[in-house]
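Order of the sequence lines sets the chain letters (A, B, ...), proteins ahead of strands, with each chain counted from 1. Because the structure is predicted, anything quoted here is derived from the model rather than measured. Hydrogens, waters and symmetry mates are skipped; everything else that's a heavy atom, side chains included, is used.
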There are 2 protein chains.
Amino acid sequence: MPRVLSETDVADFRDRLCEAAERLFAERGPDAVTMRQLAADLGVSPMTPYRYFEDKDDILAAVRVSAFNRFAEALEKARDSVSGARARGAAVGEAYVNFGLEHPHAYKLMFDSNQPHIEKYPELVAAGQRAQKTMTGYIEDAMAEGLVDGDALQIGLMNWAAIHGAVILELSGMLPPGGAHRICRGFDSALMRGALPRDRDAHRQV
Amino acid sequence: MPRVLSETDVADFRDRLCEAAERLFAERGPDAVTMRQLAADLGVSPMTPYRYFEDKDDILAAVRVSAFNRFAEALEKARDSVSGARARGAAVGEAYVNFGLEHPHAYKLMFDSNQPHIEKYPELVAAGQRAQKTMTGYIEDAMAEGLVDGDALQIGLMNWAAIHGAVILELSGMLPPGGAHRICRGFDSALMRGALPRDRDAHRQV
DNA sequence: TGCTTAAATTTACATCGTAAGTTTCAAGGG
DNA sequence: CCCTTGAAACTTACGATGTAAATTTAAGCA
């Protein structure tokens with residue numbers, strides 16, 4: 001019987017290729033991420049990656065899964081680092097903005113690359129949802145503590161959308177340094193005040 | 001002297017090519033927008049567009065300029081259709097979401113396509129700023145009317161970011177039909193309440 | 001009518017993703 | 001031990017792309 005790749009061999013190669021792809025993307029732009037260049041970086045022939053990935057789109061999906069998982073990890077770490085829904089919201093928001101600004105390429109890979117046929121990559125969907133869960137979940141905590149009132153998921157999505165927008169704006173140079181953090185905090189406090197439970201007509205909101 | 005293209009000849013060709021590009025993008029996806037296909041659609045040879053555009057990226061920029069201008073026009077029309085800062089905010093927000101949902105391809109061309117070297121296309125930057133101006137400008141009106149308090153640009157950007165996020169979420173199927181409109185309205189009222197001048201906070205109905 | 005020259009076409013090339021064919025070489029079986 | 005086996009890696013090749021360069025076409029003036 002011939003030599004057979006172990007599962008860790010496959011996983012190792014996939015990891016190394018994803019690293020190379022992200023480095024190429026960050027250092028030399030999206031056009032530099034070619035199958036031939038990736039293969040050259042790993043010291044293999046241009047067709048070898050096809051033993052480990054379906055096609056180039058599959059590589060992009062794997063790189064994005066990796067980025068989403070690191071992102072989710074950062075958010076979860078921030079969430080678990082403090083207690084109390086109010087502090088958690090602030091910590092997660094700050095961690096979100098920090099990640100986006102410190103890893104702009106990973107952030108763009110996650111949210112800026114419009115990958116068609118996402119449904120073909122359940123791992124990617126799962127990794128994305130893992131990140132989303134932390135972004136929207138702490139609103140439920142805030143609601144349980146009576147800090148906000150209304151539809152938890154909707155408020156969470158609003159919050160997420162706004163923070164994402166702020167990060168995108170700062171990454172594209174449309175805000176002064178620190179602008180995203182400031183917007184994020186301002187939005188947070190405004191929304192919190194706006195979504196405060198009120199004695200009479202709170203049910204009407206959102 | 002040989003035949004020379006008039007300015008309207010050039011403008012006409014550019015317009016026709018942009019229309020073909022947007023139609024191809026909408027009907028057959030981004031990969032179908034090739035120089036050869038564009039030329040075939042216009043009934044010319046594959047190199048002819050190079051007399052009217054610098055390169056393919058220049059075509060994308062022109063298509064985006066066109067989309068941004070139509071978008072800005074829709075926002076401005078909504079803004080001017082009612083009076084009073086409060087109603088204007090709602091009208092612009094609704095027009096924004098409507099445009100995004102009714103012209104998803106134009107919307108994605110504007111905000112989803114990550115075009116490097118934007119600085120090479122001042123018309124594109126200008127068209128983008130024209131749209132942005134309406135999105136952030138009405139906050140200044142609201143402030144002048146004493147409806148909100150704080151940094152107008154910052155509140156405007158927050159608002160923009162949140163609405164954009166809502167549209168993106170609905171376009172990607174993560175919200176139920178009408179979800180973006182609902183989020184937009186909810187966010188609007190929450191932000192307005194949160195950014196109210198504080199002494200009037202208790203009595204203000206939204 | 002020819003001449004001039006911008007506009008349009010044709011041809012050609014480097015590079016891309018990847019299908020197909022070929023070679024290499026480690027792990028059993030004799 | 002050497003031979004066989006077949007997965008893994010490599011080489012080659014193809015069609016498509018963006019576009020540079022060479023070539024052809026045709027409109028306005030002499």
- Message: If you count every heavy atom of other residues, nucleotides or ligands that lies below 6.0 Å from A/Glu145 atom CD, does the total exceed 12?
- Response: yes
- Item | More than 12 heavy atoms of other groups within 6.0 Å of B/Glu7 CD | no
- Query: Do A/Arg23 and A/Asp41 meet the salt-bridge criterion of a basic N to acidic O distance under 4.0 Å?
  - Reply: yes
- Message: Looking only at the side chains, is there a donor atom on one of B/Asp9 and B/Ser6 sitting less than 3.5 Å from an acceptor on the other?
- Response: yes
- To the nearest Å, give me how far apart CG (A/Leu38) and C1' (C/dT18) are. 14 Å
- Message: Just the rounded figure in Å: distance from P of D/dA8 to CZ of A/Arg14.
- Response: 14 Å
- Are the side chain of A/Arg88 and the backbone of A/Tyr138 linked by a donor-acceptor contact shorter than 3.5 Å? no
- Message: Within the 4.0 Å limit for protein heavy atoms, which parts of nucleotides 9-19 of chain D are touched? Write it as a string from 5' to 3', B for base, S for sugar-phosphate only, - for none.
- Response: SBB-B---BBB
